[in-house]
Amino acid sequence: MVDTPKENYKGDGLRVASMPGYNGPLCRKITVQVEFWKLVYGVANGDRLADGTRPAYYFDIRRVKHVELHADASVEQKIALPTSLYATDRSPCQGALVSITVGKPLTSKELPEEVEVEVGAGEDRWSRGTVDFRSKRVADFELSQPSAPQVCSPDGKPTADPADVPTPGSQPTDFDPTDLYPTPDRSFDIGDVLRSPTP
């Protein structure tokens, strides 16, 4: 059982423990990878994907911290969060993702192609968000979304104060926000978009 940052009411990081009723220890230890990823979002700049659709946002994903555990469920293990990744004053273009995998660390081919972005709706404390990992090995994950990706340039830099730019969908009914802001429902890994296709 993993208490991810949102779920851990004590607020002291990420906790790995045995589930009630299954209090170990296991016959042998298993290898668990806990990986923290930095997501940097940028508004699509008119670029189109191969199928002709225009994504709302691109994102770049990079690993910030990696912890390998050898767990047999006999003791609770705690992992401190990367402070810069979860800072309250982080860039409005920055999100955070934590993944828990049994076995080896995730490879680049297993990282997500799409990550849900809900701008202006606020983050539900108990919402997991939607992350489309390309691997069945991910046992658990948690997404912390960017606070205002609508103010971000295509390269992931804030171009305005989020307080001065209305969130998409917050305009009066006689104003069509799609003239200014793409619909914030999907984001695509910029590395996949720019990567040369393999034969």
Write down the atom of [X], the atom of [Y], and the distance for their closest heavy-atom approach.
{"X": "C152", "Y": "G42", "result": "CB-CA, 4.2 Å"}
{"X": "G95", "Y": "L85", "result": "O-CD1, 4.1 Å"}
{"X": "P149", "Y": "S147", "result": "CD-C, 3.9 Å"}
{"X": "P146", "Y": "P92", "result": "CB-O, 3.3 Å"}
{"X": "S84", "Y": "Q94", "result": "O-NE2, 3.7 Å"}
{"X": "L69", "Y": "Q77", "result": "CD2-OE1, 3.2 Å"}

Check: L143 and V115 side chains under 4.5 Å, non-hydrogen atoms: yes
Validation row: S99, W37 side chains within 4.5 angstrom (heavy atoms): yes
Partners meeting salt bridge (charged side-chain N to carboxylate O under 4.0 Å, His left out) with E110 (sequence neighbours left out): R137
Determine yes or no for a side-chain-to-main-chain donor-acceptor pair under 3.5 angstrom, with [X] supplying the side chain and [Y] the backbone.
{"X": "K65", "Y": "A80", "result": "yes"}
{"X": "E35", "Y": "L106", "result": "yes"}
{"X": "T101", "Y": "V138", "result": "no"}

Exercise: do H66 and E68 side chains pair donor with acceptor under 3.5 Å: no
Linked, directly or transitively: V64 and V40 (ILVMFWY side chains, under 4.5 Å): no
V102-V98 co-clustered via ILVMFWY side chain contacts under 4.5 Å: no
Residues T31, Q33; criterion side-chain contact (heavy atoms from CB on, under 4.5 Å); working and verdict: CA-CA 7 Å; T31 302; Q33 310 291 339; 3.4 Å; yes
Pair F133-F141, ring-ring contact (aromatic ring centres under 6.0 Å, His included): steps then yes or no: CA-CA 10 Å; F133 282 98; F141 71 88; 5.7 Å; yes
Parallel, tilted or perpendicular: ring planes of Y41 versus F59, cut at 30 and 60 degrees: tilted
Spacing of L97 atom CG and R63 atom CZ [to the nearest 0.5 Å]: 12.0 Å
Short N-O contact, D60 and R62, less than 4.0 angstrom: yes
